[in-house]
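Below is one structure, written out as structure tokens; the observations come after it.
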Amino acid sequence: MSAGSHGGFSACLIEVARKDLRIELRSWAVTHTMMLFGLLVLFIFVFALPGTRPPQAHGPAVLWVTLLFASVIGMTRAFALEEEDGCLEALALAPADPAAIYLGKCAALYVQLLVLDVILLPAFCLLFSFAPGASTGRLAVVVALGTLGLAALGTLLGAMTARLRGREFLLSLLLFPLSAPLLLAAARGTAQVLDGQPLTALGPRLYVLLTFDGVFLVAAAVLFEFVLGGD
Amino acid sequence: MRPRYWDSALLALAAVGMLLVIHRIVLVTPVAQKEAGYVAQKIFYFHVCSAWTSFLAFFVAAIAAVGSLRTSRPGWDHTVESAIETGMVFCTLVVMTGPIWAKPVWGTYWRAEPRLLSFMVMWFAYAGFLVLRQALATSSRRAQISAVYAIIASINVPLVYFSVRMIDKSRQLHPRRIGLAPAMRQTLYQTLAVFTLLWLVLLILRYRIAVLQAAQAGRRLARRMEGLDG
């Protein structure tokens, strides 16, 4: 079912990504919702955490749990629009490589999640008294890698739950255990980076992040055609 | 569906085997782990064998999922569903027997260490499969979507284990290698054989139920269509 030439694959990928981003650019609805929810969750943590101990200890964990919760909104939205307008069937029947469709949607979701990161990270640093300074670049690397894993998983799971009732709940239920190794590596890595350690000191955490991202991107791209259907 | 007698025989065999093995564990096998008052160590046989059995079940489910995606035959889908449901039974046993054993031996019910964490993640991931399956009850793509999730969940299991091990090296509580006296090793193998047999019997029975449910759904659909015509 592939589109044939290599140019067809990347063209399809780019087209799908551009379509999704263009839709988002028109209304910013998803970004606003994700941003608001993310900031809200951060605030809730600030209220819930003890004021006596310095906030830095819990910081990285709070950041990644917040990103996880907030990104679910983007993930459900990624396919909700298509499902509502009956475009899922159209996508399935289109003579395009399903892997290209998956990677395109994943790329669009990744961009949206990165925008969320850009908004949440400064708020996080403010609320938890972090001043990354020189570590900002390294922090960006860790957060970008972790977010990629979320995008990869979220796109696949979003497609799987698109037509089901209670899809937000179901997507969260399925996403959380699968993203456990990602959270582990990302939170520990963030803690180390904010501590001022160089990227080389992150060792295992980076390997886990890269492995996770790579494995799930490839697996999801291969399996996506079965989720989409059209056989 | 005519009753088949060999699976009743297997069930009887599994039941007898379990009784024999329990007898062996409790009365025959030498005790160990003085610090736990000797008796708690006996949970080891059930705990470890449940763990191996659940791994086997989820592995079989992953293979069946690949088969389901490649051939679209309903038998593979029934196997995925049955293997995961039965595997969850043993996974739940692991998670329950672990803390019971841990308290006398380690002094605590729970610690965030690699094997415990990976089993909890596995439990949640496959519990999610069961919920997903329910939600997909009326979907035409039930088999494919379930299979994709089963494969993803099984890829995740080693990932979780190795990532926790790599990252939190100091936290390892489970011993890596266990030296066992020959008598205890014998008991372990026998228990493992019985647990595997028990799982197989449960799998076969659950598979039957799945086939019956599919047939019933088909008949219901046919009746509805007849009603529309006539």
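Chain naming here is simple, since letters A, B, ... match the order of the sequence lines and numbering starts at 1 in each.
Note on V160(B), V157(B), I152(B): by heavy-atom pairs under 4.5 Å with chain A, the leading option is I152(B). Here A125(B) is the residue among S140(B), A143(B), A125(B), A153(B) with the most heavy-atom pairs under 4.5 Å with chain A.
Within the model, atoms OG1 of T138(B) and CZ of R165(A) stand 7.5 Å from one another, a figure rounded to the nearest 0.5 Å.
If you measure heavy-atom distances from I151(B) to chain A, the contacts under 4.5 Å come from the side chain alone. Of the atoms belonging to A185(A), heavy atoms from both backbone and side chain fall under 4.5 Å from chain B. Neither the backbone nor the side chain of F162(B) has a heavy atom closer than 4.5 Å to any heavy atom of chain A. For V227(A), the parts lying under 4.5 angstrom from a heavy atom of chain B are both the backbone and the side chain. If you measure heavy-atom distances from R163(A) to chain B, the contacts under 4.5 Å come from the side chain alone. Only the side chain of F216(A) comes within contact range of chain B, with at least one heavy atom under 4.5 Å from a heavy atom of that chain. Only the side chain of L156(A) has a heavy atom closer than 4.5 Å to any heavy atom of chain B.
Of all non-hydrogen atoms in R141(B) and F226(A), the two that sit nearest each other are NH2-O, 2.6 Å. Annotation for L164(A) and A135(B): closest pair CD2-O, 3.6 Å, computed over non-hydrogen atoms. When all heavy atoms of T211(A) and L159(B) are compared, the pair lying nearest together is CG2-CD2, 4.2 Å. Across all their heavy atoms, N156(B) and P181(A) have their closest contact at OD1-CG, 3.8 Å. In terms of heavy-atom proximity, S163(B) sits nearest to V208(A) at CB-CG1, 3.5 Å.
Within a 6.0 Å sphere centred on OH of Y207(A), other residues, nucleotides and ligands contribute 12 heavy atoms or fewer.
When each of L173(A), L174(A), L171(A), L157(A) is tested with L132(B) by the rule side-chain contact (heavy atoms from CB on, under 4.5 Å), just one qualifies, namely L174(A).
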> Could you walk me through whether T161(A) and Y149(B) pass the side chain to side chain contact (heavy atoms under 4.5 Å, CB included) check?
Replying inline: CA-CA 11 Å; T161(A) 55; Y149(B) 185 77; over 6 Å; no
